[in-house]
Amino acid sequence: MRPFAACVMAAVVTASTGIAQTPRDTGVTVIHAARVFDSEAGTFTGPSDIVVRNGRIAAMSTHEGVPPGARVIDLRRFTVLPGLIDAHTHLLYLERPGQGDQSLMDGIRAVVVEGGALRALHGAARARTYLAAGITTVRDLGNSGRFNDVALRDAIRDGSVDGPRMFVSGPGLASEGGQFPGLQPPYETIAEEEYRVVHGPEDAALAVREHVTYGADLIKIYSNNTPNVASLSPDEMRAIVAEARRLGVRVAAHATDDAAVWNATEAGVNSIEHAYQVADSTLALMAQRGTCLVPTDLDSAAGRQYLLRIPTRGDEPRPDPATLASYFRSSHDRLTRAVRAGVKICAGSDEYLDLGWPQGVASRHVLYAYIEAGLTPVQALQAATVNDAHLLGQDGRLGVIKPGALADIIAVEGDPGQDLHALDRVRFVMKGGTVYVGTP
């Protein structure tokens with residue numbers, strides 16, 4: 001049975017915030033826009049009148065008439081874009097920056113102290129910050145216990161909770177211990193509450209069937225288990241991909257070193273998450289196979305905030321800023337080489353660290369990291385719109401503003417084509433035809 005989080009979520013969140021859930025808009029809306037981002041062409045066009053009906057974009061042209069009774073929204077002072085997509089989130093998990101065993105202890109705390117219902121409720125609160133930041137869709141990749149992400153997705157879908165549209169993986173498929181280092185054998189079940197531990201190719205295929213049955217939209221695997229040394233075998237990963245294809249779902253692979261990236265790509269996954277160390281030959285294989293890269297990078301502002309929030313212990317110094325500078329050089333080089341190799345770049349933040357910012361704002365900083373690495377503002381916007389939509393199998397439905405697409409529309413003050421930090425000034429957010437930020 002699914003956790004009861006979905007049943008109590010709306011009441012608790014509403015009581016704690018004093019804000020009722022936004023009612024769905026089923027009427028007709030006409031948006032007047034002077035400047036619209038065409039994510040497929042990578043250009044800004046306009047002016048345009050966008051007609052929204054039943055949650056979708058019904059028509060758009062320079063001279064659309066206003067149907068009787070339609071609501072009119074004037075966005076001609078802003079730049080209008082498709083709702084942003086974050087292809088790597090963890091809404092049900094937040095970790096304090098720290099040293100030593102901080103990550104292990106926070107992971108255990110989430111499982112054995114916070115628990116499924118409270119994690120889902122916390123996730124509901126974080127979900128609101130994503131909408132406020134202009135992120136209308138997320139791909140949530142585990143660290144949510146046993147399908148608590150499914151509960152949150154369903155609560156958002158049925159209108160109990162305001163949040164981005166969620167595509168969820170359920171527990172990540174991993175080898176023994178998951179990413180919990182140093183667990184003693186009597187406590188192995190702690191890892192099994194957060195991961196689906198796989199034992200051989202046959203069990204790997206069974207895990208895929210379990211996930212699809214319990215409501216997962218996609219499969220997340222761990223090609224390596226850093227800091228643990230064990231990993232899924234190539235045969236296990238191939239079995240996962242084969243079963244996922246049979247059932248019509250996609251596979252995302254956590255892979256941080258070159259061998260893990262190569263093995264997962266060879267197995268046929270749809271995306272590689274992180275790839276902090278990756279050789280040019282492996283990037284060439286990814287380009288050949290059409291495997292997307294989701295670079296989960298920090299920008300300089302988030303990096304500074306991370307260092308500031310790490311507590312020190314006694315005389316223990318904070319991490320050297322030179323270490324962060326080395327990280328930036330490495331991540332920038334990796335992204336530059338991936339673009340040069342022809343790998344499709346998809347935007348995903350992996351923002352599970354408590355930086356003291358609203359989680360949606362922190363997640364948006366990954367786009368600034370791409371700019372610091374050398375991508376143009378248009379390339380970064382495409383990574384977070386049309387490219388992410390392709391990764392989700394939602395071409396023409398998400399990440400675009402055109403007839404037939406879902407009416408996920410945001411407006412920002414300024415010109416993000418010249419300065420991407422215009423995204424810091426989100427003035428309007430519509431998801432599926434319902435306005436969550438801006439003109440009611």
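Remember, predicted model here, so these are calculated numbers, not experimental data. For this chain, numbers begin at 1 and follow the sequence in order.
- Remark: side-chain polar atoms of R146 are not paired, donor with acceptor, to backbone N or O of E193 under 3.5 angstrom.
- Remark: the backbone N or O of L218 is not paired with any side-chain donor or acceptor of S169 at under 3.5 angstrom.
- Looking only at side-chain heavy atoms (C-beta outward), D424 and R364 come within less than 4.5 Å of each other.
- Taken from OG1 in T89 to CD in E351, the straight-line distance is 10.5 Å, to the nearest 0.5 Å.
- One distance of note links CG of L285 with CD1 of I272; it measures 9.0 Å at 0.5 Å rounding.
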Extract all donor-acceptor atom pairs below 3.5 Å that involve side chains of residues 105-119 and protein atoms in other chains or at least two apart in sequence.
from, atom 1, to, atom 2, distance (Å)
D106, OD1, R96, NE, 3.2
D106, OD1, R96, NH2, 2.5
D106, OD1, Q102, NE2, 3.2
D106, OD2, R96, N, 2.9
D106, OD2, R96, NE, 3.4
D106, OD2, Q102, NE2, 3.3
E114, OE2, H122, ND1, 2.5
R119, NE, L92, O, 3.2
R119, NH1, E194, OE1, 2.9
R119, NH2, N143, O, 2.7
R119, NH2, E194, OE2, 2.9

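- A 4.5 Å side-chain heavy-atom check between D25 and M430 finds every atom pair outside the cut-off.
- Partner of H254 under the side-chain hydrogen bond (donor to acceptor under 3.5 Å, both in side chains) criterion, chosen from E273, H274, K220: H274.
- Looking at every heavy atom in both residues, S223 comes nearest to A255 through CB-CB, 4.1 Å.
- For the atom pair L353 CG and Q359 CD, the distance stands at 8.5 Å (nearest 0.5 Å).
- Of all the heavy atoms in A204 and V198, the pair that sits closest is CB-CG1, 3.6 Å.
- Taking both residues in full, the closest heavy atoms of L392 and R139 are given as CD2-CD, 3.8 Å, listed atom of the first, atom of the second, then distance.
- Checking side-chain atoms of D86 against main-chain N and O of S349 turns up a donor-acceptor pair under 3.5 Å.
- With contacts defined as side-chain heavy-atom distances shorter than 4.5 Å, the pair T323/Y327 does not qualify.
- Checked by atom type and distance alone, the side chain of D235 never pairs as donor or acceptor with a backbone atom of P201 at under 3.5 Å.
- Looking only at distances, no side-chain donor or acceptor of D299 sits under 3.5 Å from a matching main-chain atom of V366.
- Within a 6.0 Å sphere centred on CD of E188, heavy atoms belonging to other residues, nucleotides or ligands number more than 12.
- Exactly one residue among I401, L381, V400 makes a side chain to side chain contact (heavy atoms under 4.5 Å, CB included) with S39. That residue is V400.
- Within the 4.5 Å cutoff, the side chain of L293 has heavy atoms near those of the R334 side chain.
- A 4.5 Å side-chain heavy-atom check between E176 and H199 finds at least one atom pair inside the cut-off.
- Remark: the backbone N or O of H421 is paired with a side-chain donor or acceptor of D419 at under 3.5 angstrom.
- A side-chain donor-acceptor contact under 3.5 Å links R126 to the backbone of L91.
- Two rings, from Y195 and Y222, have their centers less than 6.0 Å apart.
- Residue P171 comes nearest to G145 through the heavy atom pair CG-O, 3.5 Å, listed as atom of the first residue, atom of the second, then distance.
- Considering CD1 of I219 and CD of E210, their distance stands at 10.0 Å, rounded to 0.5 Å.
- Taking 4.5 Å as the limit, some side-chain heavy atom of L232 sits within range of a side-chain heavy atom of I240.
- The backbone N or O of A230 lies less than 3.5 Å from no partner atom in the side chain of N228, so there is not a single donor-acceptor pair.
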Starting from the C-alpha separation in whole Å, work towards a yes-or-no answer on side chain to side chain contact (heavy atoms under 4.5 Å, CB included) for V361 and T129. CA-CA 7 Å; V361 170; T129 72; over 6 Å; no
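- Between R289 and E266 there is a salt bridge, since a side-chain N of the basic residue sits under 4.0 Å from a carboxylate O of the acidic one.
- Scanning both residues, K402 and G396, for their nearest heavy atoms gives CE-CA, 4.0 Å.
- R196 has a carboxylate O that lies under 4.0 Å from a charged side-chain N of D203, or vice versa, which qualifies the two as a salt bridge.
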Given side chain to side chain contact (heavy atoms under 4.5 Å, CB included), test L84 with T385 step by step and report yes or no. CA-CA 6 Å; L84 303 177; T385 53; 4.1 Å; yes
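- Around atom OH of Y187, no more than 12 heavy atoms belonging to other residues, nucleotides or ligands sit under 6.0 Å away.
- Only one option out of H211, R209, R238 pairs with E243 in a side-chain hydrogen bond (donor to acceptor under 3.5 Å, both in side chains); it is R209.
- Under the side chain to side chain contact (heavy atoms under 4.5 Å, CB included) rule, M237 has a single partner from L173, I221, V251, which is I221.
- A distance of 11.0 Å separates CD in Q305 from CD1 in I310, rounded to the nearest 0.5 Å.
- Across all non-hydrogen atoms, the minimal contact from S175 to N225 is OG-ND2, 3.1 Å.
- Using modelled atom types and a 3.5 Å distance limit, the side chains of Y276 and S330 yield no donor-acceptor pair.
- A salt bridge does not link D140 with R153: every distance from a Lys NZ or Arg NE/NH1/NH2 to an Asp or Glu carboxylate oxygen is 4.0 Å or more.
- The side chain to side chain contact (heavy atoms under 4.5 Å, CB included) test with I409 is passed by exactly one of I57, V435, T136: I57.
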